[in-house]
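Quick caveat, the model's predicted, so the values are computed rather than measured. Counting convention: from 1, in listed order, for ligands and their atoms alike. The figures that follow rest on heavy atoms only: side chains count, while hydrogens, waters and symmetry mates do not.
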Amino acid sequence: MSPASVRPQPRQMLKRLRDVMAGPGSAQERLEQVVTVIAADMVAEVCSVYIRRAGELLELFATEGLNPEAVHRTRLRIGEGLVGDIAAHARPLALADAQAHPQFAYRPETGEEVYASLMGVPILRSGKVLGVLAVQNRTRRQYTEEEAEHLETIAMVLAELVATGELIKPAEMLSTEGNAMLPSRLEGVKINGGLAIGQAVLHQRQVVIRRVVAEDAEEELLRFRTALAGMQSAIARMIDAVDSDIDAGEHRDILESYRMFAEDRGWIGRIAEAIRTGLTAEAAVQKVQNDTRARMNQITDPYLRERLLDLDDLAMRLLQHLSGEPDLLVDLPPNDVVLIARSMGPAELLDYDRASLRALLLEEGSVTSHVAIVARALDIPVIGRVSGIVARVESGDQIVVDGDNGLVMVRPGEDVLEHFAAAMGARKQQKAGYAALRDLPARTKDGVDVGLLLNAGMLADLTHVEETGAAGIGLYRTEIPFMIRSAYPDMQSQVEIYARALERAGDRPVVFRTLDVGGDKRLPYFSYDDDENPAMGWRAMRISIDRPAMLRQQLRAMIRAAAGRPLSVMFPMVAEVAEIDVARAVLDMEMTREAAAGRPLPQPLSVGVMIEVPSLYWQLDQVLRRVDFLSVGSNDLLQFFFASDRGSPLLADRYDCLAPAMLCFLRGIVEKADAAGKPITVCGEMAGRPLDAMALLALGFRRLSMNPAGIGPVKSMVRSLDLAQAQEYILTLLHQPDHSLRRKLRSFAKDYGVIL
Ligand code: PEP
Ligand code: MG
């Protein structure tokens with residue numbers, strides 16, 4: 001049977017706690033009183049405080065209800081037991097039957113076996129876990145959300161007592177003690193490749209909160225509103241002043257969506273609500289930030305997770321405004337800096353002086369995060385999900401970053417440093433070598449010209465057209481500008497996006513792919529029913545056909561952006577001819593409409609489709625009669641060909657695009673396109689890998705579209721290749737039973753001096 005839930009009385013409780021904490025006695029004695037007060041307030045038989053110690057340990061510092069002998073004796077590792085789990089994930093847990101939880105770890109010295117239910121919250125300060133506050137009940141009590149919120153607020157007050165250093169000296173809490181001087185190696189997920197060596201700078205805009213409990217809620221609300229207005233206008237100024245050395249348009253878009261968060265009513269309302277419970281404005285902002293972090297741990301939608309990071313950044317900024325120190329620019333040491341953060345919003349990165357930034361390492365963050373997009377445009381290596389990095393690195397530590405392999409070496413030994421310095425030197429030379437190839441033709445040794453094109457999605461990607469000497473944009477993924485906005489871009493914004501892309505490309509062609517959303521590419525402002533199997537679900541053309549207004553608007557914007565110039569439009573994920581006819585009809589209608597309005601029509605207009613769904617192969621004759629060009633999306637084609645999810649880490653290396661069956665299939669496609677005299681490109685990832693690109697050329701493809709980093713290596717391969725020889729060789733292999741021809745093709749390249 002559960003006891004009735006408690007209706008928390010936050011304001012009175014906070015005042016009581018503050019009185020106890022400011023009262024007489026040692027810090028330990030006051031903490032003991034605190035747990036008694038909390039246990040009574042929460043109607044719990046047990047209230048315990050665990051504080052973090054060096055060596056990733058949590059030590060029981062005070063308890064009401066558990067065996068007093070266990071105090072300062074019971075220690076748990078971070079991640080061990082329920083208390084350790086709360087600390088590891090910095091999130092609350094409320095369990096009616098705690099002992100049934102798989103993480104439950106029983107400590108006999110505490111005598112806790114008689115308590116069935118447990119609710120615990122992290123004691124957080126400036127984003128760091130200082131400890132855990134837990135209550136327990138004998139009965140299987142169902143703690144309410146309101147009670148959990150209340151306990152979190154109490155934990156905030158408690159954090160202040162811990163942070164005074166009276167209970168435990170800050171040095172004793174350092175988690176790096178013992179191994180601080182030893183080298184260590186951490187792994188994360190590659191977000192942007194590249195190598196870097198530099199000095200660690202921990203991104204901690206710490207604002208110390210000195211007052212947690214407020215005297216006068218109205219006064220706090222006023223302070224909050226003033227600081228909020230100050231922050232909002234500072235962001236507006238930042239948007240106005242955004243500099244143009246990367247790409248003003250795009251940064252503006254990212255910052256605009258950030259500004260929308262700064263004006264988000266839900267967020268503002270939650271902070272105001274927390275102030276009304278008796279917290280100061282600073283503590284309320286911090287509390288909402290803590291809640292946000294706790295929620296973030298449970299959210300799987302990558303888009304939402306990233307947006308919560310933006311909110312985190314805003315909270316920090318708001319705290320700075322409340323503290324009266326809203327200075328946003330951060331000085332870095334002048335030398336090579338490896339910036340380390342738990343997470344970061346895009347605006348925060350732009351606060352740093354980019355001349356000294358060499359790499360960015362994040363405990364959180366993914367490829368689609370806004371900060372990653374900005375960092376990529378800055379062209380620095382970025383590694384995400386480097387677990388524990390904030391705790392294990394001290395500012396000033398030397399760090400080696402291998403962005404390509406998602407590796408971080410902290411305080412590396414001399415040998416590692418030497419090895420990396422040499423690798424960086426070689427990489428620099430190689431880059432210089434590729435740059436020297438820029439103006440040379442992509443022509444094989446036997447005189448066959450190959451079109452090397454770029455894949456782009458951000459305007460910043462287009463800066464690489466000049467730099468790499470690419471022949472044009474073979475794939476412009478229009479969904480990317482849609483994904484980085486927080487609202488559907490209206491017609492005019494779309495016209496601007498496409499016109500900017502055309503201008504950046506100059507007289508080189510740009511192939512605009514219509515929206516390929518759905519699957520893992522979700523637009524936050526568009527509602528989907530959950531597909532069981534999103535990659536094969538309602539995505540791309542299927543959405544365009546069912547929501548023709550979106551397609552119509554996009555095509556109209558492309559026609560207007562072209563304004564009499566050439567325009568290439570490509571439809572993704574086409575599975576049958578009828579879909580081409582529907583899309584084409586929409587396009588024709590828009591052309592007629594624009595002509596009737598007296599607007600200039602694109603000259604010429606080319607229409608193509610992507611081959612990503614195998615069914616299209618058997619309809620190619622019909623398809624080729626309807627289109628001006630084809631493009632093979634080998635990423636999707638491979639996953640559908642082998643029925644193997646392209647996003648699954650378990651299947652990542654299972655099937656190879658250089659398998660004979662796949663190569664036969666590709667050969668069949670290129671033969672049909674050639675016979676119809678229609679250009680065909682490969683624009684999946686394989687086009688940018690020299691060995692795979694060699695195979696594609698040998699199969700008959702002459703146009704390859706890839707990421708900017710691929711152009712140099714692929715061009716170098718092309719210029720060293722005798723295509724006739726490669727062609728002859730690959731045709732002998734197409735019907736072999738091999739799992740993959742990768743090894744044989746690599747030997748061929750080696751024997752014939754093809755540079756890979
Ligand atoms: C592909 O599928 O190969 C492709 C280029 O499209 P995307 O990677 O955007 O799905
Ligand atoms: Mg695709």
Side-chain angles (χ1 to χ4, degrees), residues 302-303 366-368 373 376 451-458 461 470 472-484 501 510-523 531 533-544 554 568-575 579-580 583 608-617 629-648 651-652 655-659 662-663 665-666 669-670 679-689 692-693 695-696 699 701 703-711 714:
Y303 184 87
S366 70
V367 182
T368 53
I373 292 171
R376 221 173 289 144
L452 300 184
L453 303 134
L454 273 189
N455 290 349
M458 296 268 298
D461 296 334
I473 306 296
L475 168 66
Y476 187 87
R477 293 178 161 109
T478 60
E479 63 275 8
I480 308 276
F482 279 67
M483 285 165 71
I484 61 176
V510 179
V511 176
F512 289 104
R513 174 171 80 179
T514 59
L515 275 186
D516 181 6
V517 292
D520 61 336
K521 296 188 237 178
R522 292 193 160 218
L523 304 181
D531 267 320
N533 201 340
M536 297 205 258
W538 195 55
R539 62 173 277 207
M541 266 318 269
R542 300 160 190 186
I543 296 185
S544 297
Q554 194 178 28
S568 300
V569 177
M570 177 159 81
F571 299 112
M573 278 290 292
V574 172
E579 290 166 348
I580 305 174
V609 296
M610 291 189 76
I611 304 201
E612 298 182 283
V613 184
S615 62
L616 216 55
Y617 175 76
F629 64 91
L630 294 178
S631 193
V632 177
S634 53
N635 306 336
D636 273 312
L637 188 62
L638 184 74
Q639 79 164 341
F640 298 129
F641 188 74
F642 282 117
S644 175
D645 184 349
R646 72 191 250 193
S648 161
L651 299 177
Y655 303 101
D656 193 356
C657 54
L658 297 188
M662 179 76 179
L663 295 183
F665 194 57
L666 289 168
I669 296 169
V670 72
I680 181 163
T681 305
V682 178
C683 64
E685 295 303 311
M686 70 181 292
R689 294 189 292 255
D692 306 39
L696 290 169
L699 292 174
F701 290 95
R703 292 165 57 83
L704 304 172
S705 192
M706 63 200 78
N707 294 329
I711 301 266
V714 171

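- Listed by atom number, the atoms of ligand 1 under 4.0 Å from Gly633 heavy atoms are 1 (C), 2 (O), 3 (O).
- Between Arg513 and ligand 1, an N or O atom pair is found at a separation short of 3.5 Å.
- Atoms of ligand 1 lying under 4.0 Å from at least one heavy atom of Cys683, given by number and element, are 5 (C).
- In terms of modelled atom types and a separation under 3.5 Å, the side chain of Glu579 and the main chain of Met541 share no donor-acceptor contact.
- Atoms of ligand 1 found under 4.0 Å from any heavy atom of Asp636 (numbered from 1 in listed order, with element): 1 (C), 2 (O), 3 (O), 10 (O).
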**OP:** Apply side chain to side chain donor-acceptor pair (under 3.5 Å) to Asn707 and Glu685, showing your working.
**Re:** CA-CA 8 Å; Asn707 294 329; Glu685 295 303 311; 3.3 Å; yes

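- The backbone N or O of Pro534 lies less than 3.5 Å from no partner atom in the side chain of Arg539, so there is not a single donor-acceptor pair.
- When distances from the Mg ion (ligand 2) to the N, O or S atoms of Asp636 are compared, OD2 comes out shortest.
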**OP:** List the steps, then state whether side-chain contact (heavy atoms from CB on, under 4.5 Å) holds for Ser634 with Cys657.
**Re:** CA-CA 8 Å; Ser634 53; Cys657 54; 5.9 Å; no

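- With ligand atoms numbered from 1 in the order given, ligand 1 contributes 3 (O) to contacts under 4.0 Å with heavy atoms of Gly684.
- Here the N, O or S atom of Glu612 that is nearest to the Mg ion (ligand 2) is OE2.
- Under a 4.0 angstrom heavy-atom cut-off, Glu685 registers as lying outside contact with ligand 1.
- With a 4.0 Å cut-off on non-hydrogen atoms, Leu475 touches ligand 1 through its side chain and not its backbone.
- Within the set Glu612, Gln639, Met706, the minimum heavy-atom distance to atom 1 (C) of ligand 1 is found for Glu612.
- Counting only distance, with no hydrogens or angles, the side chain of Thr478 and the backbone of Arg513 share a donor-acceptor pair below 3.5 Å.
- Residues Gly633 and Met610 share a closest heavy-atom pair of CA-CE, 3.7 Å.
- Taking every heavy atom of Asp516 and a limit of under 4.0 angstrom, the matching atoms of ligand 1 come to 10 (O).
- Ring-plane geometry between Tyr476 and Phe512 is classed as perpendicular, the angle between the planes exceeding 60 degrees on a 0 to 90 degree scale with a lower cut at 30.
- Under the 4.5 Å side-chain criterion, counting only non-hydrogen atoms from C-beta, Pro572 is not in contact with Glu479.
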